[in-house]
Amino acid sequence: HSDLLLAISDTVRDQVAAFIPQAASTDLPACQEIYSFPLGAELENVTGPVREAVRTLFDGDDAPYLMVATFDPRKNYQYLLDAFDRLWNDRPDLKLCLVGRIGSRCDDVVQRIQQHPRLGKSLFLFSDLTDAELHHCYAGSRGVIFPSVVEGFGLPIVESLWFGKKTFVSDTPIHREVGAADCCYFGLDDPNSLVRQLLGWEKLLAAGSAPTLPTRKLTPWRDS
C-alpha cells in the first residue's frame with residue numbers, strides 16, 4: 001500500500017527490494033519505488049555545562065574508549081564487555097565508557113555493568129548525558145567502538161569519523177558501506193578479534209607511530 005519507500009542505506013534498500021516480492025500478495029502489486037539516502041554526520045556545536053565526572057574522565061591522556069548506543073540486545077554490549085574483560089587481564093589501565101539510554105530487554109547487561117568489579121575504576125556508564133557532554137566524550141575519547149549486530153545505518157560510526165576518532169566497528173555489510181576504508185573491522189564470532197584490534201592500536205600509540213587517521217567528506221544533515 002506504499003507508493004515510495006526510503007531506506008537510510010543502500011544495504012537496507014537492497015534487502016527490502018529482495019524481501020518485498022516474497023512478502024507481497026499475488027493479487028496486489030508491490031511497491032517498486034525503493035530508494036536510499038545517507039544520514040547526516042555532523043553534530044551541531046552546542047554549549048552547556050559538562051559535569052565534572054564527565055569532564056575529568058575524558059580530559060587526560062588515559063581517556064577511555066567510548067561506545068554510544070541505546071542499551072538493547074542488538075547493540076551487542078555483552079560482546080564488548082567480554083572483549084574488555086579479556087583485555088583488562090593484560091591492560092588493566094585501559095578504560096571503557098558506555099553511553100546510552102537504558103532500553104528494553106537489557107536487564108542482564110545493565111546488571112552485569114552495575115555489578116562489575118571495575119565499575120567506576122576502568123568501566124564507566126552514563127545514561128543521561130546532555131548534548132554538550134556527549135560532544136565532550138566524542139572529542140576526548142581514545143577511540144570509538146561500535147559492535148552492533150544489526151543496523152540500518154550506524155550513526156555513531158559517522159559521528160566518530162566526524163570527530164576524527166579511531167573507529168572500531170563490527171564487520172557487517174552495512175558497517176562496511178558506512179565506514180568504508182576509514183574504520184577497523186572486527187568479527188562478531190570471537191571477542192578476541194576486537195581485543196587484537198585494540199592491542200594493535202595501543203602498540204602504535206605507545207610507540208608514537210600511530211598513522212594519521214583517514215579523513216573524508218561526510219554528509220551534513222542539511223544535505224541528508
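Model, not experiment: these values are computed from the prediction.
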Under a 4.0 Å threshold between the charged nitrogen and the carboxylate oxygen, would Lys165 count as salt-bridged to Asp182? no
Pair listing, salt bridge (Lys or Arg N to Asp or Glu O under 4.0 Å) test, anchored in residues 124-152, at least two apart: Arg51-Asp128, Arg51-Glu133, Arg74-Glu151, Lys75-Glu151, Arg142-Glu202
Leu218 and Glu42, any side-chain heavy atoms less than 4.5 Å apart: no
Please name the residue in the list Phe84, Phe146, Phe71 that meets the ring pair (Phe, Tyr, Trp, His ring centres under 6.0 Å) test with Tyr77. Phe71
For the hydrophobic clusters of this structure (ILVMFWY residues joined by side-chain heavy atoms under 4.5 Å, transitively), does one cluster hold both Leu5 and Phe153? no
What I'd like to find out is whether the side chain of Val144 reaches to under 4.5 Å of the side chain of Tyr65, using heavy atoms alone. no
Between Leu129 and Cys137, is any pair of side-chain heavy atoms under 4.5 Å apart? yes
Atom of Lys95, atom of Leu57 and distance for their closest heavy-atom approach: CD-CD1, 4.3 Å
Between Leu194 and Leu80, is any pair of side-chain heavy atoms under 4.5 Å apart? yes
For residues 109-119, please give each side-chain donor-acceptor pair under 3.5 Å, one per line with the distance, not counting sequence neighbours.
unit_1, atom_1, unit_2, atom_2, d
Arg112, NH1, Gln78, OE1, 2.7
Arg112, NH1, Asp82, OD1, 3.0
Arg112, NH2, Asp82, OD1, 2.7
Arg112, NH2, Asp85, OD2, 2.9
His116, ND1, Arg118, N, 3.0
His116, NE2, Asp85, OD1, 2.8

Show every donor-acceptor pair shorter than 3.5 Å between a side-chain atom in residues 13-24 and any protein atom, with sequence neighbours excluded, or say none if there are none.
unit_1, atom_1, unit_2, atom_2, d
Arg13, NH1, Asp10, OD1, 3.4
Gln22, NE2, Ala18, O, 3.1

Does one hydrophobic cluster hold both Val46 and Phe126, with members joined at side-chain heavy-atom distances below 4.5 Å? no
If we only count heavy atoms from C-beta on, is the Met67 to Cys97 side-chain gap below 4.5 Å? no
4.5 Å side-chain heavy-atom contact, Trp88 and Ser122: yes
Does Tyr138 offer a backbone N or O that forms a donor-acceptor pair with the side chain of Ser141 under 3.5 Å? yes
Using side chain to side chain contact (heavy atoms under 4.5 Å, CB included), reason through Cys183 and Leu161 one step at a time and then give a plain yes or no. CA-CA 8 Å; Cys183 296; Leu161 295 175; 4.3 Å; yes
Distance-minimising heavy-atom pair for Arg176 and Tyr185: NH1-CD1, 3.4 Å
Ile157 and His175: CA distance, side-chain angles, deciding distance, side chain to side chain contact (heavy atoms under 4.5 Å, CB included) verdict: CA-CA 8 Å; Ile157 297 174; His175 290 171; 3.5 Å; yes
Just by modelled atom types, is the Glu52 backbone N or O under 3.5 Å from a matching donor or acceptor in the Thr56 side chain? yes
Pairwise distance CG(Asp72) to OG1(Thr70) - rounded to 0.5 angstrom: 6.5 Å
If you look at every heavy atom in Pro147 and Ser170, which pair is closest and at what distance? C-OG, 3.4 Å
Please report the interatomic distance OG(Ser160) to CG(Leu66), rounded to the nearest 0.5 Å. 8.0 Å
Take a 6.0 Å sphere around CG of Asp93 and say whether it holds more than 12 heavy atoms from other residues, nucleotides or ligands. yes
Over 60° means perpendicular and under 30° means parallel, so classify the ring planes of Phe58 and His136, tilted if in between. perpendicular
Identify whether Leu4 and Ile8 are in the same connected component of the hydrophobic contact network (ILVMFWY, side-chain heavy atoms under 4.5 Å). yes
Dump the intermediate steps for side chain to side chain contact (heavy atoms under 4.5 Å, CB included) on Leu87 and Leu198, then the final yes or no. CA-CA 9 Å; Leu87 189 63; Leu198 294 174; 3.8 Å; yes
Does a side-chain heavy-atom distance below 4.5 Å link Val178 with Thr11? no
Could you report the tightest heavy-atom contact between Thr219 and Ser224, atom names first, then the distance? CG2-N, 3.9 Å
For Thr172 and Leu188: C-alpha separation, side-chain torsions, deciding distance, then whether side chain to side chain contact (heavy atoms under 4.5 Å, CB included) applies. CA-CA 9 Å; Thr172 65; Leu188 287 172; 4.1 Å; yes
Is the ring centre of Tyr79 less than 6.0 Å from the ring centre of Phe186? yes
Checking Ser148 side chain against Val150 main chain: does a donor-acceptor pair fall under 3.5 Å? yes
Enter the distance from Cys31:SG to His1:NE2 here, rounded to the nearest 0.5 Å. 12.0 Å
Return the minimal non-hydrogen interatomic distance between Pro73 and Ser104, and the atom names on each side. CD-O, 4.0 Å
For residues Pro211 and Leu204, determine if any side-chain heavy atom of one lies less than 4.5 Å from a side-chain heavy atom of the other. yes
Do Phe37 and Trp221 share a hydrophobic cluster (ILVMFWY, side-chain heavy atoms under 4.5 Å, transitive)? yes
Is there a path from Leu123 to Ile145 through hydrophobic residues (I, L, V, M, F, W, Y) whose side chains come within less than 4.5 Å of each other? yes
For residues Ser127 and Ile102, report the shortest heavy-atom separation together with the two atoms involved. CB-CG1, 4.0 Å
